Q: 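One structure, as structure tokens, below. Some questions next.
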Amino acid sequence: MKNKKYTQISSYLEFLDKKKIAKYITTTHKKLIQNIIILKRVTSTNTYLANLSKTKAKNIICLAESQSAGKGRLGRKWISPYARNIYLSILWNFKQKPNDLIGLNIAIATAIASALKAYGIKKNITLKWPNDVLWKKRKLAGVLIELGSKFNQTQAIIGVGLNVHMPIKLAKQIAQPWCDIAQIIKTKPRRNKLVGLLLNHLLDTIIAFQTKGLKSFLKKWKKLDIAYGKKVVLTTTQQQKITGIDCGIDERGFLLLKVGGKIQTFAAGEINIDNIPADIMIAKSCWLL
Ligand code: BTN
């Protein structure tokens with residue numbers, strides 16, 4: 001019985017593999033990457049690249065099978081069990097000043113949506129400011145961008161976490177409605193394919209952002225923006241709660257919130273949409289868990 005279970009688990013999981021990932025990355029995109037590092041365990045792929053960024057490294061991708069201190073936005077933990085999800089970070093040097101990169105997280109969220117579409121998830125993907133990727137209103141992926149400066153350039157570490165097959169027991173620690181690829185597509189999740197597709201779209205986005213900034217992503221954001229025109233509660237970085245009507249984002253990626261008839265702009269924070277219940281947790285029937 002023990003052996004049978006083991007065989008089932010190992011045939012279900014797909015470990016990250018450079019050669020398999022490379023099959024899905026186009027030649028043009030391969031030329032942009034200096035190196036792909038795959039680690040079994042790491043504290044955080046973002047932290048790993050932050051340490052590398054002190055060297056001459058640039059255009060480096062780091063992936064890990066697990067993170068012991070995965071970082072989410074606003075100081076949260078990112079649950080990162082072994083060989084289940086995707087934890088990916090990109091170290092990239094931008095000529096723009098840190099202030100010009102404020103909207104990069106918005107652009108990166110649209111890139112993840114495009115990659116998911118290319119993987120076959122054609123419906124129900126939406127985005128929630130500033131960079132949550134949702135499926136049927138539940139969080140599927142998140143983005144954490146950390147900026148630093150070096151030789152007149154801005155070094156960005158772009159971290160992407162995508163839930164692929166989250167163990168139910170661990171998911172209890174996730175404080176918001178969540179989902180994973182396994183709930184959306186019933187066939188075996190293919191993490192290497194997902195990574196390859198993500199990289200193609202993320203790199204396209206980085207290149208376009210370098211030359212044109214956020215402008216070219218605004219239309220796509222608006223199309224996928226789940227909160228546009230809805231009543232939302234904004235939690236600011238100082239934990240202040242502000243209720244208003246979501247009026248989308250400006251050309252910098254700031255949130256436009258109509259409060260008492262006036263539009264106010266916010267650079268950071270988190271929004272909750274009034275009509276999304278906080279406790280949606282769909283039950284997964286899976287022998288693996
Ligand atoms: C969020 O809170 O939505 C952002 C989550 C970002 C998680 C990813 S996983 C890869 C990278 N390494 C980290 O420690 N965090 C990001």
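Both ligands and their constituent atoms are indexed starting at 1 by order of listing. Note that the coordinates shown come from a computational prediction; the quantities given were computed from them, not determined experimentally.
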Q: If I compare all heavy atoms of C62 with all of Y48, which pair ends up nearest, and what's the gap?
A: SG-CD2, 3.7 Å
Q: For ligand 1, list every N/O pair with the protein closer than 3.5 Å, one pair per line with the distance.
A:
residue, atom, partner, partner atom, Å
ligand 1, 2 (O), R73, N, 2.7
ligand 1, 3 (O), K139, NZ, 2.5
ligand 1, 12 (N), T45, OG1, 3.1
ligand 1, 12 (N), Q67, OE1, 2.9
ligand 1, 14 (O), S44, OG, 2.8
ligand 1, 14 (O), Q67, OE1, 3.4
ligand 1, 14 (O), K71, N, 2.7
ligand 1, 15 (N), K71, O, 2.7

Q: Indicate the atoms forming the closest heavy-atom contact of R41 with S66, along with that distance.
A: CG-OG, 3.3 Å
Q: If we count only N and O atoms by modelled type, under 3.5 Å, do the side chains of T45 and Q67 hold a donor and an acceptor together?
A: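 Note: T45 and Q67 side chains meet the donor-acceptor criterion.
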Q: Using every non-hydrogen atom in the two residues, find where D132 and Q176 come nearest and quote the distance to one decimal.
A: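 Closest approach of D132 to Q176: OD2-OE1, 4.4 Å.
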Q: Hey, what's the ring geometry for F15 with Y82, parallel, tilted or perpendicular (30° and 60° as the breaks)?
A: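 Plane angle between 30° and 60°, so tilted.
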Q: Could you list the donor-acceptor pairs under 3.5 angstrom formed between side-chain atoms of residues 254-268 and any protein atom two or more places apart in sequence or on another chain?
A:
none

